[in-house]
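Some notes on the structure that comes next.
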Amino acid sequence: MSCSSVSSFTTSLFVPSKCSSLPNQKRRLIQCSLGGTVVEPKATAASEPLLLNAVRGQDVERPPVWLMRQAGRYMKSYQIICEKYPSFRERSENVDLVVEISLQPWNVFQPDGVILFSDILTPLSGMNIPFDIVKGKGPIIFDPIATAGDVDQVREFSPEESVPYVGEALTILQKEVDNKAAVLGFVGAPFTLASYVVEGGSSKNFTKIKRLAFSQPKVLHSLLQKFATSMTKYIRYQADNGAQAVQIFDSWATELSPVDFEEFSLPYLKQIVDAVKQTHPDLPLILYASGSGGLLERLALTGVDVVSLDWTVDMAEGRRRLGHDIAVQGNVDPGVLFGSKEFITNRIHDTVTKAGKGKHILNLGHGIKVGTPEENVAHFFEVAKAIRY
């Protein structure tokens with residue numbers, strides 16, 4: 001660091017003119033050529049990312065913006081990687097690839113959130129639940145869980161041992177993004193993870209998980225508890241390694257009636273939030289559940305900092321139902337990105353207007369769809385970042 005750059009930290013330092021240029025080195029004392037000693041003041045902490053400030057209710061000039069699945073199949077650069085590495089698990093479990101894919105939208109669009117490229121099922125192998133994600137078929141659980149004995153075989157998750165590449169990738173991402181955006185981690189919620197491992201993969205009717213819930217509730221509760229404990233550990237691990245906010249995906253909880261949500265999802269979400277807040281009180285937690293219009297008030301009871309709305313909920317109504325103490329995220333229909341640029345612009349402004357000033361993260365109401373024109377995504381970010389309250 002040069003003597004002249006040191007003087008920019010404070011107006012009270014005298015810096016000899018002959019010392020205007022020194023190597024950029026981290027050291028407490030700078031010896032100038034005239035023999036003078038200048039005490040280097042401690043650098044002030046970098047300003048917090050816009051997304052964190054918005055969630056915490058601080059005054060911001062515009063809503064932060066990022067998009068679910070912003071690193072994905074609509075990007076040509078991602079398609080090139082897929083051709084070379086066709087296995088999703090290989091792409092999502094290799095540090096270099098995870099970092100490269102996570103940074104692709106950052107390098108092109110500069111979103112206010114950079115989310116880890118991964119999958120909510122990534123912890124399963126470390127819990128003794130073998131699985132794969134097959135192109136054209138989606139997740140496949142090789143030995144679906146059906147009995148108490150099956151649940152006994154499920155191990156609690158140790159992220160340090162099972163997914164060290166996640167921690168390494170998050171650490172690199174935080175350094176690369178350098179607080180210009182928030183690094184986001186994510187996990188699956190207990191009921192959604194249980195749905196996958198009981199159903200054996202994706203499902204349309206959720207018959208198996210509901211049969212287990214309504215005929216052997218103790219078995220399901222035992223499984224849900226293991227996921228709750230494991231996801232608490234996973235969130236803490238991600239935060240300790242660079243994640244500045246974490247999103248919890250409870251994609252399938254909305255398949256439950258409100259009364260069943262209160263038994264099989266809500267208590268475990270609340271348990272996770274309470275436990276994480278004990279150790280990481282300043283870590284923003286975001287909860288997303290697609291099709292959650294009938295459960296909004298219950299989602300807020302989990303204690304999360306942000307509820308992410310899907311596009312089937314009017315943003316203004318969602319705000320009224322949730323109250324202004326909790327932040328909201330969303331909720332432009334992903335299909336809007338297939339429309340004209342004027343149409344996209346109008347929907348963005350409509351959403352931001354209905355959300356009101358502050359405590360709003362602009363996003364889609366679901367992940368970006370395959371085939372979305374990349375230039376329309378660029379337009380979305382351009383319009384969003386030009387907004388001023």
Side-chain angles (χ1 to χ4, degrees), residues 50-70 111-113 182 184 245 247-251 253-254 257-258 261 266 269 273 284-369 372 376-377 379-389:
L50 177 66
L51 187 147
L52 301 186
N53 289 336
V55 170
R56 292 165 181 161
Q58 298 179 15
D59 190 30
V60 293
E61 64 179 4
R62 65 171 175 85
V65 57
W66 70 281
L67 302 181
M68 286 184 275
R69 292 184 184 165
Q70 64 187 15
D112 297 303
L184 308 174
Q247 180 155 312
I248 303 169
F249 285 89
D250 207 354
S251 308
T254 52
S257 68
F261 176 82
L266 179 58
L269 289 169
V273 173
L285 296 176
I286 306 167
L287 176 60
Y288 174 78
S290 57
S292 60
L295 297 172
L296 281 190
E297 292 83 358
R298 290 172 175 82
L299 297 184
L301 295 177
T302 60
V304 293
D305 303 280
V306 186
V307 171
S308 190
L309 307 176
D310 79 346
W311 72 95
T312 64
V313 179
D314 181 82
M315 177 56 81
E317 292 179 8
R319 270 290 207 193
R320 286 195 295 271
R321 291 172 60 187
L322 290 167
H324 283 269
D325 290 337
I326 191 168
V328 292
Q329 178 175 270
N331 70 333
V332 178
D333 184 339
V336 166
L337 292 176
F338 290 102
S340 68
K341 289 181 171 57
E342 181 182 5
F343 184 70
I344 295 169
T345 299
N346 291 338
R347 285 301 179 89
I348 291 172
H349 284 293
D350 178 67
T351 299
V352 172
T353 299
K354 288 179 176 178
K357 183 178 180 179
K359 285 203 167 187
H360 173 223
I361 303 170
L362 181 61
N363 205 315
L364 300 177
H366 200 279
I368 296 178
K369 301 292 186 182
T372 297
N376 286 1
V377 178
H379 180 73
F380 189 102
F381 279 110
E382 181 182 347
V383 172
K385 297 183 80 171
I387 290 172
R388 293 296 179 268
Y389 284 131

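What you are looking at is a predicted structure, and each value in this text was computed from that prediction instead of being measured.
The closest side-chain heavy-atom distance from Val328 to Met315 is below 4.5 Å. A heavy-atom distance below 4.5 Å is not found between the side chains of Phe261 and Pro258. Side chains of Leu364 and Trp311 form no contact here, defined as non-hydrogen atoms less than 4.5 Å apart. You'll find the side chain of Val304 stays beyond 4.5 Å of the side chain of Ile286, heavy atoms only. Residues Val336 and Phe380 have side chains not in contact (no heavy-atom distance under 4.5 Å, counting atoms from C-beta outward). Residues Val55 and Ile361 meet the side-chain proximity criterion, which asks for heavy atoms closer than 4.5 Å.
Listed by first and then second residue, the salt bridge (charged side-chain N to carboxylate O under 4.0 Å, His left out) pairs involving residues 332-346 amount to none (not counting sequence neighbours). Identified under the side-chain hydrogen bond (donor to acceptor under 3.5 Å, both in side chains) test for residues 380-389, with sequence neighbours left out: none.
Listed by chain and residue number, nothing satisfies the salt bridge (charged side-chain N to carboxylate O under 4.0 Å, His left out) test with Arg347 (two or more places apart in sequence, or in another chain). With sequence neighbours excluded, no residue forms a salt bridge (charged side-chain N to carboxylate O under 4.0 Å, His left out) with Asp250. Glu297 pairs by the side-chain hydrogen bond (donor to acceptor under 3.5 Å, both in side chains) definition with Arg321, not counting sequence neighbours. Not counting sequence neighbours, Arg69 has no partner by the side-chain hydrogen bond (donor to acceptor under 3.5 Å, both in side chains) test. In this structure Ile387 satisfies the side-chain contact (heavy atoms from CB on, under 4.5 Å) test together with Pro63, Ile348, His349, Val352, sequence neighbours excluded. Take Arg56 and apply the salt bridge (charged side-chain N to carboxylate O under 4.0 Å, His left out) test, not counting sequence neighbours, and it matches Glu48. For Thr312, the side-chain hydrogen bond (donor to acceptor under 3.5 Å, both in side chains) criterion is met by Asp310, not counting sequence neighbours. Residues passing the side-chain hydrogen bond (donor to acceptor under 3.5 Å, both in side chains) test with Ser251, sequence neighbours excluded: none. Contacts of Ala182 classified as side-chain contact (heavy atoms from CB on, under 4.5 Å), with partners at least two apart in sequence or in another chain: Pro49, Leu51, Leu52, Leu184, Gln244. Judged as a side-chain contact (heavy atoms from CB on, under 4.5 Å), and not counting sequence neighbours, Thr353 has no contacts.
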Salt bridge (charged side-chain N to carboxylate O under 4.0 Å, His left out) evaluation trace for Lys359 with Asp325: CA-CA 8 Å; Lys359 285 203 167 187; Asp325 290 337; 5.6 Å; no
Trace of the side-chain contact (heavy atoms from CB on, under 4.5 Å) decision for Val306 with Ile326: CA-CA 6 Å; Val306 186; Ile326 191 168; 5.8 Å; no
Residues Leu287, Gln247; criterion side-chain contact (heavy atoms from CB on, under 4.5 Å); working and verdict: CA-CA 6 Å; Leu287 176 60; Gln247 180 155 312; over 6 Å; no
Step-by-step side-chain hydrogen bond (donor to acceptor under 3.5 Å, both in side chains) determination, Thr345 to His379: CA-CA 8 Å; Thr345 299; His379 180 73; 2.8 Å; yes
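Judged by distance alone, the side chain of Asn363 and the main-chain N or O of Gln329 form no donor-acceptor pair under 3.5 Å. For Ser292 (side chain) and Leu295 (main-chain N/O), no donor-acceptor pair under 3.5 Å exists by modelled atom type. Using a distance-only test at 3.5 Å, with no hydrogens or angles considered, a donor-acceptor pair links the side chain of Asp305 to the main chain of Leu285. Side chain of Tyr288 to main chain of Met68: no donor-acceptor pair is present (N/O by atom type, distance under 3.5 Å, no hydrogens or angles).
Here the closest heavy-atom approach between residue Gly330 and residue His360 is recorded as O-NE2, 2.9 Å. The minimum heavy-atom distance linking Gly365 with Pro334 is given by the pair N-CD, 4.3 Å.
For the atom pair Leu266 CG and Leu299 CG, the distance stands at 8.5 Å (nearest 0.5 Å). Here CG of Leu50 is found 14.5 Å from CH2 of Trp66. Values are rounded to the nearest 0.5 Å. Distance check: Arg320 CZ to Lys354 NZ gives 9.5 Å after rounding to the nearest 0.5 Å. From Asn331, atom CG reaches atom CG of Leu362 across 9.0 Å, with rounding to the nearest 0.5 Å. To the nearest 0.5 angstrom, Leu309 atom CG is 11.0 Å from Glu317 atom CD.
A salt bridge does not link Asp314 with Arg319: none of the charged nitrogens is closer than 4.0 Å to a carboxylate oxygen.
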